[in-house]
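Some notes on the structure that comes next.
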Amino acid sequence: MKLQHQIVTGYTAMMAILLAVAATSYLVINRLNDSAKWVAHTHKVISDANYILKIIIDMETGVRGFTVTCEALLSR
């Protein structure tokens, strides 16, 4: 009976450790997935900001060209 009790206790301890490792792994994987989603979101925001910057630079260049053209036409 003593040997059977030791075996059951050993398997119970192993199962508890296995369950703790599985639960910890599950939580860590969920955190990694959340982090990956935020990284993807951040990349999209940076990409959108770069696009807006390009558009603003193009608008500024257009205004500058318009101003130069108007000055050239008015100075005739």
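By convention here, the first residue in the shown sequence is residue 1. Please read all numbers here as calculations on a predicted model, not as lab measurements.
Sorted by first and then second residue, the salt bridge (Lys or Arg N to Asp or Glu O under 4.0 Å) pairs involving residues 24-42 (not counting sequence neighbours) form an empty list.
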Acceptor/donor pairs from residues 46-70 side chains to any protein atom, 3.5 angstrom cut, sequence neighbours excluded:
| unit_1 | atom_1 | unit_2 | atom_2 | d |
| --- | --- | --- | --- | --- |
| D48 | OD2 | K44 | NZ | 3.2 |
| N50 | ND2 | I46 | O | 3.4 |
| K54 | NZ | D58 | OD2 | 3.2 |
| E60 | OE2 | R64 | NH2 | 3.2 |
| T61 | OG1 | I57 | O | 2.9 |
| T67 | OG1 | V63 | O | 2.8 |
| T69 | OG1 | G65 | O | 2.8 |

Name the atoms and distances for all side-chain donor-acceptor pairs under 3.5 Å in residues 11-28, with sequence neighbours left out.
| unit_1 | atom_1 | unit_2 | atom_2 | d |
| --- | --- | --- | --- | --- |
| T12 | OG1 | V8 | O | 2.7 |
| T24 | OG1 | A20 | O | 2.8 |
| S25 | OG | V21 | O | 2.9 |

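In this view, H43 and V39 satisfy the side chain to side chain contact (heavy atoms under 4.5 Å, CB included) rule, not counting sequence neighbours.
As a member of the Ile/Leu/Val/Met/Phe/Trp/Tyr network built from side-chain separations under 4.5 Å, I29 groups with nothing else and remains a singleton.
Counting heavy atoms of neighbouring residues, nucleotides and ligands inside a 6.0 Å radius, atom CD of Q4 does not exceed 12 of them.
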